[in-house]
Amino acid sequence: MARITGSYPDDLDLLIEGAVEAGVFGGKSDALREFVREYFEDHENERIAAAVALYERERITIGDASRLADVDRWTMRDILREHGVELRLGLVDEDDAAYEVGAASGLEFDDEGSDDAESPTK
């Protein structure tokens, strides 16, 4: 879990403190986590923009970007292309490889036009 340090207006600090004392949140950290989570749930475009920016700066994989943006990988690839972000092709790690194998195993190919006599393996 990451730690952040920041500052905010005294009135906001008092409201957070009051909410903690009233039992609304377990602590200031819980309150801040909830505020950020709700913000990104309510602001889809900002969530997607954050995922695109992180992917573009090579901080995350396309799988991470799709998870953060809350879309599937195929949609994330389209979003990245729409934003002019060059896709990094290739497998990043074992999880990425496992995902790609799973996705590929669900694909169907049309073999009707192939001729076994011309196959280089025969």
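Values below: every heavy atom of this structure, side chains too, minus hydrogens, waters and symmetry copies.
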For residues 33-42, run the donor-acceptor check on the side chains, cut-off 3.5 Å, and write out each pair with its distance to 0.1 Å, sequence neighbours left out.
residue, atom, partner, partner atom, Å
R33, NH2, D30, OD1, 2.3
E34, OE1, R37, NE, 3.3
E34, OE1, R37, NH2, 3.0
E34, OE2, R37, NH2, 2.4
R37, NH1, E41, OE1, 2.9
R37, NH1, E41, OE2, 2.4

Please tabulate, for side-chain N and O atoms in residues 3-16, each donor-acceptor pair with protein atoms closer than 3.5 Å (sequence neighbours left out).
residue, atom, partner, partner atom, Å
Y8, OH, D13, OD1, 3.3
D13, OD1, K28, NZ, 2.7

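In terms of modelled atom types and a separation under 3.5 Å, the side chain of Y55 and the main chain of R88 share a donor-acceptor contact. Formation of a donor-acceptor pair under 3.5 Å by the T75 side chain with backbone atoms of V71 is not found in this model.
Rounded to the nearest 0.5 Å, atoms CD1 (I48) and OG (S66) are 11.5 Å apart. Residue L87 holds its CG atom at 6.0 Å from CG of L80, rounded to the nearest 0.5 Å. Separation of atoms CD1 (I62) and CZ (R67) is listed at 13.5 Å; rounding is to 0.5 Å. Rounded to the nearest 0.5 Å, atoms CE (M76) and CG (D64) are 11.0 Å apart.
What you find for A51 and A65 is that their closest heavy atoms are CB-O, 3.5 Å.
For the pair L68 and R47, the minimum side-chain heavy-atom distance is 4.5 Å or more.
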